[in-house]
Amino acid sequence: QVQLVESGGGLVQTGDSLRLSCAASGRAFSMYAMGWFRQAPGKEREFVAVINRSGGATDYADSVKDRFTIARDNAKSTVYLQMNNLKPEDTAVYYCTAGRFSFSDFRLGITSYWGQGTQVTVSS
C-alpha cells in the first residue's frame, strides 16, 4: 500500500505560480512512477503529467506543456508539480497518483494509488 497526501493548492490569479507537493508513505517510493491528474467541476478527471521512477523521463498533457513541470525527490518520497502562468482553465482538484505502469497507461488513468486531492483555483 502507498498513501499519498497532496498539499500546496490555493486561490491565485491568472499568471501566478503554484507548487503542489505529494508526500508518499508506505512501500518504497522509488518503485513507482508518479503522476498528476486534475478534475474540474462537471468534467472528467484528466491526465496532467507523469514522471518515471528515477525522474529521468517525463510526459505532459498538451494543455500544460511548457507551463508545468513535474519533479520528484526519492530521498524525501515526494513528487512536485510546479505550475507557472496559471490560467482560469487550470482550476480543478489536483490528484497525485502512483503506479507501476507505462506512460501510456498513466495517460489513460491506469494506475494504482490516489491521493485525496488539493484544490487549485485560478481567478481571472
Side-chain angles (χ1 to χ4, degrees):
Q1 284 285 344
V2 176
Q3 292 79 42
L4 304 171
V5 178
E6 302 96 334
S7 61
L11 172 63
V12 297
Q13 295 185 334
T14 297
D16 285 351
S17 298
L18 271 179
R19 189 177 79 157
L20 305 183
S21 299
C22 173
S25 60
R27 301 187 67 179
F29 178 74
S30 60
M31 292 172 57
Y32 296 91
M34 300 295 298
W36 290 92
F37 280 70
R38 66 187 181 185
Q39 188 167 20
K43 295 187 177 181
E44 294 189 353
R45 189 176 298 188
E46 65 173 359
F47 167 77
V48 174
V50 62
I51 188 167
N52 72 345
R53 293 180 296 173
S54 68
T58 58
D59 191 22
Y60 297 91
D62 289 342
S63 59
V64 307
K65 200 172 293 184
D66 299 326
R67 298 189 298 122
F68 291 10
T69 302
I70 188 171
R72 67 189 294 161
D73 185 336
N74 285 348
K76 295 183 178 180
S77 297
T78 301
V79 63
Y80 305 97
L81 186 68
Q82 177 67 43
M83 306 185 293
N84 297 330
N85 191 22
L86 283 161
K87 305 175 180 180
E89 51 264 42
D90 295 318
T91 295
V93 177
Y94 283 72
Y95 297 91
C96 175
T97 184
R100 300 181 68 183
F101 300 96
S102 66
F103 278 13
S104 58
D105 284 340
F106 254 91
R107 277 181 166 267
L108 297 174
I110 300 172
T111 181
S112 298
Y113 303 102
W114 295 88
Q116 83 290 348
T118 185
Q119 177 70 48
V120 172
T121 303
V122 185
S123 64
S124 57

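Criterion: ILVMFWY side-chain heavy atoms under 4.5 Å apart, direct or through other members. Under it, Met83 and Val79 are part of a common hydrophobic cluster. Trp36 and Tyr60 end up in the same hydrophobic cluster when Ile, Leu, Val, Met, Phe, Trp and Tyr side chains are linked at under 4.5 Å. Residue Ile51 is grouped with residue Phe29 when hydrophobic side chains (ILVMFWY) are merged at heavy-atom distances under 4.5 angstrom, including chains of intermediate members.
The distance from the CE atom of Met34 to the CG atom of Leu81 is 11.5 Å, given to the nearest 0.5 Å. Taking CG of Leu108 as the start and CZ of Phe103 as the end, the distance is 13.5 Å to the nearest 0.5 Å. Atom-to-atom distance recorded for Gln82:CD and Leu18:CG is 8.5 Å, nearest 0.5 angstrom. Residue Gln39 holds its CD atom at 9.5 Å from CD of Glu46, rounded to the nearest 0.5 Å. Atom CE of Met31 is separated from atom CG of Asn74 by 12.0 Å, given to the nearest 0.5 angstrom. In this structure, OG1 in Thr111 is found 3.5 Å from CZ in Phe106, a value given to the nearest 0.5 Å.
Residues satisfying the side chain to side chain contact (heavy atoms under 4.5 Å, CB included) criterion with Ser124, sequence neighbours excluded, are Thr14, Pro88. With sequence neighbours left out, the ring-ring contact (aromatic ring centres under 6.0 Å, His included) criterion links Tyr113 to Tyr32. Checked against salt bridge (Lys or Arg N to Asp or Glu O under 4.0 Å), Glu89 has no partners two or more places apart in sequence or in another chain. With sequence neighbours excluded, the residues that form a side chain to side chain contact (heavy atoms under 4.5 Å, CB included) with Ser7 are Ser21. For Thr121, the side chain to side chain contact (heavy atoms under 4.5 Å, CB included) partners at least two apart in sequence or on another chain are Leu11, Thr91, Gln119. For Asp62, the salt bridge (Lys or Arg N to Asp or Glu O under 4.0 Å) test picks out Lys65, with sequence neighbours left out. In this view, Phe47 and Phe37 satisfy the ring-ring contact (aromatic ring centres under 6.0 Å, His included) rule, not counting sequence neighbours.
Counting non-hydrogen atoms of neighbouring residues, nucleotides and ligands closer than 6.0 angstrom, the CD atom of Gln3 exceeds 12 such neighbours.
Using modelled atom types, one side-chain atom of Ser123 and one backbone atom of Val12 make a donor-acceptor pair closer than 3.5 Å. Proximity of a side-chain donor or acceptor of Thr118 to a complementary backbone N or O of Gly9 within less than 3.5 Å is detected. Not one N or O on the side chain of Gln116 forms a donor-acceptor pair closer than 3.5 Å with the backbone of Val5. When atom types are taken as modelled, the side chain of Asn52 and the backbone of Ala57 share a donor-acceptor pair closer than 3.5 angstrom.
Residue Arg38 is tested with Val48, Leu20, Val93 for a side-chain contact (heavy atoms from CB on, under 4.5 Å); the sole match is Val48.
Pairs engaging residues 95-110 under the salt bridge (charged side-chain N to carboxylate O under 4.0 Å, His left out) rule: Asp59-Arg107 [sequence neighbours left out]. Applying the ring-ring contact (aromatic ring centres under 6.0 Å, His included) test to every pair with at least one member in residues 69-99, sequence neighbours left out, gives no pairs at all. Here disulfide (SG to SG under 2.5 Å) pairs that include residues 4-37, with residues two or more places apart or in two chains, are Cys22-Cys96. Pairs engaging residues 70-80 under the salt bridge (charged side-chain N to carboxylate O under 4.0 Å, His left out) rule: none recorded [sequence neighbours left out]. Every pair tested for salt bridge (charged side-chain N to carboxylate O under 4.0 Å, His left out) that includes a residue from residues 7-17 fails, sequence neighbours excluded, so the list is empty.
Contact record, Ser17 with Asn85: OG-N, 4.2 Å, taken as the closest heavy-atom pair. The minimum heavy-atom distance linking Phe101 with Ile110 is given by the pair CD1-O, 3.4 Å.
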Worksheet item: Hey, mind stepping through Asp90 and Arg67 against side chain to side chain contact (heavy atoms under 4.5 Å, CB included) and telling me if it holds?
Response: CA-CA 11 Å; Asp90 295 318; Arg67 298 189 298 122; 2.8 Å; yes

